[in-house]
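Nothing fancy with the numbering, it's 1 onward along the sequence.
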Amino acid sequence: MARQERAVRTRMTILEAAASVFDEYGYDRATIGEILARAGLTKGALYFHFPSKAALAEGVLTQQFSLTSVEPSSSKLQELVDTGLTVAYRMRRDPLVSAVARLSLDQDVRAQFGTSAITQWIDASGGLLTEAKKQGELLPHVVPADTAWQFSAAWTGVQVYSQILAQREDLEERVVSLFRHLLPSIAVPAVLASLEISVGRALELGARSDARAREEMTEELATTG
């Protein structure tokens, strides 16, 4: 295996191990020792890529958009829905996505890195809603920035409640319900009727997301090989 390819694999192994530890214990209680044990690597290998626990947390946080991207849609409201459904799917199955959610709400992490992990999601949602309004998908009274804030806060509340009450086993169903409750207040009726909002849609999008992640890893390894 080429040296650069091995480095890419090692870095991802470390991030996945760190994510699982952060997700289970939170930032403050997570230890480098536990991360090393899960990664099966030496301290030297870890510190070559990440010099501190803070750097590991930052590395995990930077993965949030690459892991949950969706294919562009002609309907920006559908793209907003698809993003929410994809995150729900990946959050239940990928420790990196789950860890991003936990770290973004962690007070110690916010003290070090600020609130960008949250505001980036609000801004991304606001961008889709702004495009949706330009395309005539939204009702006249809708202010995209305000709606993006409310949607993001509601989505976060849903995933937190789902984690506490059901270990996220019902997360896709809860996110579907969230969209079905909120979208009628912002979407033009004809657009609302055309949207695909279902658990089946979440599973389909999740499978595509998994395949895309594998392809991207293969391409990255090929580039560095």
Is the shortest side-chain N to carboxylate O distance from [X] to [Y] below 4.0 Å?
X	Y	answer
Glu34	Arg38	yes
Arg90	Glu172	no
Arg208	Glu71	yes

Applying the 4.5 Å side-chain criterion to the ILVMFWY set and letting contacts propagate, would [X] and [Y] be lumped into a single cluster?
X	Y	result
Trp155	Val199	yes
Ile197	Leu139	yes
Val21	Tyr47	yes
Val97	Tyr161	no
Leu165	Met91	no

Do side-chain atoms of [X] reach the backbone of [Y] as a donor and acceptor pair under 3.5 angstrom?
X	Y	result
Lys133	Val142	yes
Glu79	Pro72	no
Thr156	Ser152	yes
Gln135	Ser74	yes
Arg201	Asp82	no
Gln78	Leu195	no
Ser73	Lys76	no

- Message: Could you work out, with salt bridge (charged side-chain N to carboxylate O under 4.0 Å, His left out) as the rule, every residue matching Glu173, not counting sequence neighbours?
- Response: none

Close side-chain approach of [X] and [Y], heavy atoms under 4.5 Å:
X	Y	answer
Glu24	Ser98	no
Leu192	Leu183	yes
Phe151	Leu80	yes
Val100	Asp23	no
Val109	Phe22	no
Met12	Leu96	yes
Val158	Leu178	yes

Distance, nearest 0.5 Å, that separates [atom1] of [X] from [atom2] of [Y]:
X	Y	atom1	atom2	value
Leu85	Ser209	CG	OG	12.0 Å
Lys53	Leu56	NZ	CG	9.5 Å
Thr86	Leu203	OG1	CG	10.5 Å
Leu77	Glu137	CG	CD	4.5 Å
Arg11	Leu15	CZ	CG	5.0 Å
Leu36	Thr31	CG	OG1	8.5 Å

- Item | Any donor-acceptor N or O pair under 3.5 Å, side chains Tyr89, Asp210 | yes

- Check: Gln112/Tyr27 side-chain N/O donor and acceptor closer than 3.5 Å: yes

- Query: Going through the checks in order, is the side chain to side chain contact (heavy atoms under 4.5 Å, CB included) test met by Val160 and Leu105?
  - Reply: CA-CA 10 Å; Val160 170; Leu105 299 176; 3.8 Å; yes

[X] to [Y] - nearest heavy-atom pair and separation:
X	Y	result
Ala166	Asp170	CB-OD1, 3.6 Å
Leu171	Ala88	CD2-O, 3.7 Å
Ala154	Leu182	CB-CD1, 4.1 Å
Ala18	Val60	CB-CG2, 4.4 Å
Ala117	Ser104	CB-CB, 3.8 Å

- Hey, mind stepping through Thr13 and His49 against side chain to side chain contact (heavy atoms under 4.5 Å, CB included) and telling me if it holds? CA-CA 11 Å; Thr13 297; His49 293 276; over 6 Å; no

- CA sep, side-chain torsions, deciding dist, call: Asp28, Asp108, side chain to side chain contact (heavy atoms under 4.5 Å, CB included): CA-CA 7 Å; Asp28 187 54; Asp108 293 324; 3.4 Å; yes

- Task: Could you walk me through whether Ser177 and His181 pass side chain to side chain contact (heavy atoms under 4.5 Å, CB included), step by step?
- Result: CA-CA 6 Å; Ser177 179; His181 275 82; 3.4 Å; yes

I'd like a table of donor-acceptor pairs (distance under 3.5 Å, sequence neighbours excluded) in which one partner is a side-chain atom from residues 124-131, with atom names and distances.
unit_1: Ser125; atom_1: OG; unit_2: Trp121; atom_2: O; d: 3.1
unit_1: Thr130; atom_1: OG1; unit_2: Gly126; atom_2: O; d: 2.8

- Does Arg110 make a cation-pi contact with Phe113 (under 6.0 Å, within 45 degrees of the axis)? no

- Task: Not counting sequence neighbours, which residues clear side chain to side chain donor-acceptor pair (under 3.5 Å) with Glu169? List them please.
- Result: Arg92

